Asker: 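Sharing a structure here in structure tokens format.
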Amino acid sequence: MKRSSLLQHLRRNGCYLKREGKAHSLWCNPTTGAVEAIPRHTETK
């Protein structure tokens, strides 16, 4: 999956960018409070 498609999906579902790391970005789901690390690779699994 392309990173841009994943980020678009996250935004559509109410997630927001919590902070930027060196090799990843942390996205937060306000409904559950879960935080996920999204790598900066152009293709993600």
Side-chain angles (χ1 to χ4, degrees):
M1 174 180 261
K2 295 257 184 213
R3 185 176 195 266
S4 59
S5 299
L6 176 59
L7 297 182
Q8 185 179 27
H9 174 77
L10 291 172
R11 285 187 193 103
R12 264 190 270 129
N13 289 295
C15 297
Y16 62 91
L17 179 64
K18 186 169 183 170
R19 71 178 175 90
E20 290 285 342
K22 195 171 194 179
H24 58 272
S25 305
L26 293 179
W27 283 79
C28 185
N29 181 339
T31 308
T32 63
V35 177
E36 280 294 322
I38 307 297
R40 290 188 185 246
H41 303 291
T42 55
E43 287 284 329
T44 59
K45 294 181 181 181

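Sequence positions, counted from 1, serve as the residue numbers for this chain. All values derive from a computational prediction rather than experimental measurement.
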Asker: Could you tell me which non-hydrogen atom of Ile38 sits nearest to which non-hydrogen atom of Trp27, and how far apart they are?
Answerer: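 Shortest heavy-atom contact: CG1-CD1, 3.6 Å.
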Asker: Please identify each residue that fulfils side-chain hydrogen bond (donor to acceptor under 3.5 Å, both in side chains) with Arg3, with sequence neighbours left out.
Answerer: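 Result, side-chain hydrogen bond (donor to acceptor under 3.5 Å, both in side chains) vs Arg3: Ser25.
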Asker: Which residues satisfy the side-chain contact (heavy atoms from CB on, under 4.5 Å) test with Ser4, sequence neighbours excluded?
Answerer: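 Result, side-chain contact (heavy atoms from CB on, under 4.5 Å) vs Ser4: Lys2.
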Asker: Any pair with a residue in residues 21-41 that passes salt bridge (charged side-chain N to carboxylate O under 4.0 Å, His left out), sequence neighbours left out, goes on the list, sorted by first then second residue, please.
Answerer: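 For residues 21-41: Glu20-Arg40.
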Asker: Give the minimum heavy-atom separation between Cys15 and Pro30, together with the two atoms involved.
Answerer: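 Where Cys15 meets Pro30 most closely, the heavy atoms are CA-CD, 4.1 Å.
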Asker: Atom CZ in Arg11, atom CG in Leu6: separation rounded to 0.5 Å?
Answerer: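 Spacing of CZ (Arg11) from CG (Leu6) equals 10.0 Å.
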Asker: To the nearest 0.5 Å, how far apart are NE2 in His24 and CZ in Arg19?
Answerer: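 The CZ atom of Arg19 is 5.5 Å from NE2 of His24, to the nearest 0.5 Å.
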Asker: For Val35, what are the other residues in its hydrophobic cluster, where any two members join if their side-chain heavy atoms are less than 4.5 angstrom apart?
Answerer: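 Traced through the cluster, Val35 reaches Leu26.
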Asker: Restricting to side-chain contact (heavy atoms from CB on, under 4.5 Å), what partner residues turn up for Thr31, sequence neighbours left out?
Answerer: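 Testing Thr31 for side-chain contact (heavy atoms from CB on, under 4.5 Å), a comparison that skips the adjacent residues, returns Asn29.
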Asker: If you round to the nearest 0.5 Å, how far is CD of Gln8 from CG of Asn13?
Answerer: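 CD of Gln8 is found 10.5 Å from CG of Asn13.
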Asker: Which residues satisfy the salt bridge (charged side-chain N to carboxylate O under 4.0 Å, His left out) test with Lys18, sequence neighbours excluded?
Answerer: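 With sequence neighbours excluded, Lys18 shows a salt bridge (charged side-chain N to carboxylate O under 4.0 Å, His left out) to no residue whatsoever.
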